[in-house]
Visitor: 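The structure under discussion is supplied below as structure tokens; questions concerning it will follow.
Values below: every heavy atom of this structure, side chains too, minus hydrogens, waters and symmetry copies. No experiment lies behind these values; they were computed from the predicted model shown. For this chain, numbers begin at 1 and follow the sequence in order.
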Amino acid sequence: MKMGSASAGLVSIFSNGYRSLSAPVSSWRTLASSSLYKHYKRNSKSAVFSCLSSSKIELSCLSSKVDVAQTTTTSVNGYHKYDRLLPCPSENGPPRVEHLVVSEGGPVLEYICKSLDLPPLFVADLIHFGAVYYALVCPQPPPSATPEQIRIFKEVTAPSVLSKRTSIKGKTVREAQKTFRITHVEQFVEAGTYLRVHVHPKRFPRCYEIDWKSRIIAVTDSYVVLDKPAGTSVGGTSDNIEESCATFASRALGFSTPLKTTHQIDNCTEGCVVLARTKEYCSIFHGKIREKKVKKLYLALTAAPVPIGIITHYMRPINVAPRLVSEDFIKGWYLCKLEVMECKEVPWPDPVIQQKYCIEDSEWPSKDRAYECKINLLTGRTHQVRAQLAACGAPIVGDSMYMPAAIAEMANPGLNPFGKYKKYTTESDKEMTVTKWFARFGKEPKVAIGLQACQISWDDGEHFYEARSPWWRTGMA
């Protein structure tokens, strides 16, 4: 249905809660699930949906966990006064995401400053970091929204209001609610525009500790191969594209055009990453991945031995961590295959090395020996190596997300509803078991785990690159 052409249709769409709006923002879903949706407020005639969203943080804790590097003293509205995003804090504070509906058109920086009582330099930093988004039409509020918030939503999306906005004529609801990054402080936003402001973006202090030139493996006219440090993001996050490998590697090489991401590895993983110098080569490399012309080998430091050979699982097709895998085929789940080529016993990393790389202790019962495995990744799923090895009872050293669940399954076989010894009997029992199984997993590692993308090659080995020795070999005899 075209917006602005049938007002009766618009009333029907919005009043019935159009389910395929594809709420363009994951934070709306977070709000609905976390119940941290706060009261709205009006500043400078703007409608503001204010929230503090976090997956496992209680509301009572939020006021005590403050990102001190971004703040100074307490302001009257309960938040802390903001200064600049740099220097980078050593710890990530609780996320703060603000949702606004613009009532008067004007420059975006000026509007956000007035609406959220934030200083101009701080808002300019947020825009530079890629932490501010807009959509022409506000997304539907989550189920936890208050009657007043719903009233505001209906007010700004009323057919009489939308029909006057030439910017959305000819667009579908889905198209009008799609979000885009704000890229300039002077960007004009018209009345009725939806804004999402990540006031506390996720930070990556490791970016400022790295000698980036020393991490460059190769530079060609088309691409750069980087030995990615653990504790960094390849291409940035939804709220921080500044503190990324692509940005810092570009600067280290003196490139005026930023490098582009061609593939991902986890923040806590180190090793070979290919960054494209042009949009054209970015598309070419994506094509090579699709055609399975890119080969990746990993080194994994596991807490238990892993059998040589191909390991097969099926991964639940839900884009949320931790990733659940099943040994049995489940319709609709993604195939995950890796080949363990070698597995040798090595010393468990000593405490000094663990402290240097911020390796988290997940209380594995025996720390005399670890096992270094060479793995050929046959399919490329997010968290695949981590999830599969943990499901085999051999979690990766330092993997604070997957190791606790593996320990729990060892102590009480059958806890894993998709494992070898599963114990549920009915579907309702299975659902309850899955919920309990999720609770066994821990948080995402802060910096490093025992996983390295040690080799990458493509075009039958014509292009072949290796990373330096992994962190855990430091000090080994």
Visitor: If the threshold is 4.0 Å, N to carboxylate O, is there a salt bridge linking Glu190 and Arg165?
Guide: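 A salt bridge links Glu190 with Arg165.
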
Visitor: Please list, chain by chain and in numerical order, all residues satisfying ring-ring contact (aromatic ring centres under 6.0 Å, His included) with Tyr402, sequence neighbours excluded.
Guide: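 ring-ring contact (aromatic ring centres under 6.0 Å, His included) check on Tyr402 returns His383, Phe441.
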
Visitor: For the aromatic rings, using the six-membered ring if either is Trp, is the centroid distance between Trp458 and Phe285 under 6.0 Å?
Guide: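 Yes.
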
Visitor: Would you say the side-chain atoms of Gln384 and Thr379 include a donor-acceptor pair closer than 3.5 Å?
Guide: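 Distance-only check passes for Gln384 and Thr379.
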
Visitor: Is the shortest side-chain N to carboxylate O distance from Glu242 to Arg203 below 4.0 Å?
Guide: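 Between Arg203 and Glu242 there is no salt bridge, as every charged N stays at least 4.0 Å from the carboxylate O atoms.
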
Visitor: Salt-bridged, Glu360 to Lys443, with N to O below 4.0 Å?
Guide: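 Salt bridge between Glu360 and Lys443, a charged N being under 4.0 Å from a carboxylate O: yes.
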
Visitor: Working to the nearest 0.5 Å, report the span between CD1 of Ile396 and CG of Leu389.
Guide: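 It comes to 5.0 Å.
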
Visitor: Between the side chain of Thr269 and the main-chain N/O of Ile265, is any donor-acceptor distance below 3.5 Å?
Guide: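 The answer is no, because no donor-acceptor pair under 3.5 Å joins these two groups.
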
Visitor: Taking Leu85's backbone N and O only, do any of them form a donor-acceptor pair with Asp125's side chain (distance below 3.5 Å, no angle check)?
Guide: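 The answer is yes, because a donor-acceptor pair under 3.5 Å joins these two groups.
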
Visitor: Salt bridge check, Glu175 against Lys178: does any charged N sit closer than 4.0 Å to a carboxylate O?
Guide: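 No.
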
Visitor: Within the distance-only criterion (no hydrogens, no angle test), does the side chain of His200 pair as donor or acceptor with the backbone N or O of Pro94 below 3.5 angstrom?
Guide: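 Yes, because the side chain of His200 sits within donor-acceptor range (under 3.5 Å) of the backbone of Pro94.
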
Visitor: Under a 3.5 Å cutoff, is there a donor and acceptor pairing between the side chains of His99 and Tyr133?
Guide: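 Distance-only check fails for His99 and Tyr133.
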
Visitor: Testing the basics here: between Ser163 and Lys169, what is the closest heavy-atom pair and its distance to 0.1 Å?
Guide: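 Shortest heavy-atom separation between Ser163 and Lys169 comes out as O-CE, 3.4 Å.
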
Visitor: Check side-chain hydrogen bond (donor to acceptor under 3.5 Å, both in side chains) between Thr247 and all other residues, then give those that pass, not counting sequence neighbours.
Guide: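 Expected list: Ser244.
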
Visitor: When you measure from the side chain of Lys228 to the backbone N and O of Thr232, does any donor-acceptor pair fall under 3.5 Å?
Guide: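 Side chain of Lys228 to backbone of Thr232: a pair is present.
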
Visitor: Thr237: what forms a side-chain hydrogen bond (donor to acceptor under 3.5 Å, both in side chains) with it, not counting sequence neighbours?
Guide: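 Result, side-chain hydrogen bond (donor to acceptor under 3.5 Å, both in side chains) vs Thr237: Asp239.
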
Visitor: Drop me the distance from Glu243's CD to Leu86's CG, to the nearest 0.5 angstrom.
Guide: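 Answer for the CD-CG pair, Glu243 versus Leu86, is 6.5 Å.
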
Visitor: Salt-bridge test for Lys288 and Asp459: reply yes if a basic N is under 4.0 Å from a carboxylate O, no otherwise.
Guide: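 Looking at Asp459 together with Lys288, the answer is yes, because their closest N to O distance falls below 4.0 Å.
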
Visitor: Salt bridge check: are Glu209 and Arg206 linked by an N-O gap of less than 4.0 Å?
Guide: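 Counted as a salt bridge, because a side-chain N and a carboxylate O are separated by less than 4.0 Å.
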
Visitor: Hey, is the main chain of Ala467 close enough, under 3.5 Å, to the side chain of Gln455 for a donor-acceptor pair?
Guide: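 Not confirmed, Gln455 side chain does not pair with Ala467 backbone.
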
Visitor: Can Arg251 be said to sit on top of Phe248's aromatic six-ring, NZ or CZ under 6.0 Å from centre and within 45° of the ring axis?
Guide: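 Yes; both conditions hold, so Arg251 lies above the ring face of Phe248.
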
Visitor: Under 4.5 Å between any side-chain heavy atoms of Val185 and Pro107, yes or no?
Guide: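 No; the side chains remain at least 4.5 Å from each other.
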
Visitor: Does the Lys NZ or Arg CZ of Arg381 fall within the cation-pi geometry relative to Tyr334 - under 6.0 Å from the ring centre and within 45° of the axis?
Guide: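 Judged by the rule, Arg381 and Tyr334 form a cation-pi pair.
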
Visitor: Indicate yes or no: at least one non-hydrogen side-chain atom of Ile112 is less than 4.5 angstrom from one of Val132.
Guide: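 Of all side-chain heavy-atom pairs linking Val132 with Ile112, at least one is under 4.5 Å.
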
Visitor: For the pair Glu270 (side chain) and Trp471 (backbone), establish whether a donor and an acceptor sit closer than 3.5 Å, ignoring hydrogens and angles.
Guide: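 Answer holds: yes.
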
Visitor: With a 4.5 Å limit on heavy-atom distance, are the side chains of Val108 and Val123 in contact?
Guide: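 Val108 vs Val123: side chains apart.
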
Visitor: Aromatic contact between Tyr134 and Tyr194, with the criterion being ring centroids under 6.0 Å apart: yes or no?
Guide: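 No, they do not, as the ring centres are separated by 6.0 Å or more.
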
Visitor: Between Ile127 and Thr183, what is the shortest heavy-atom contact and its length?
Guide: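 Looks like CG2-C, 4.0 Å.
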
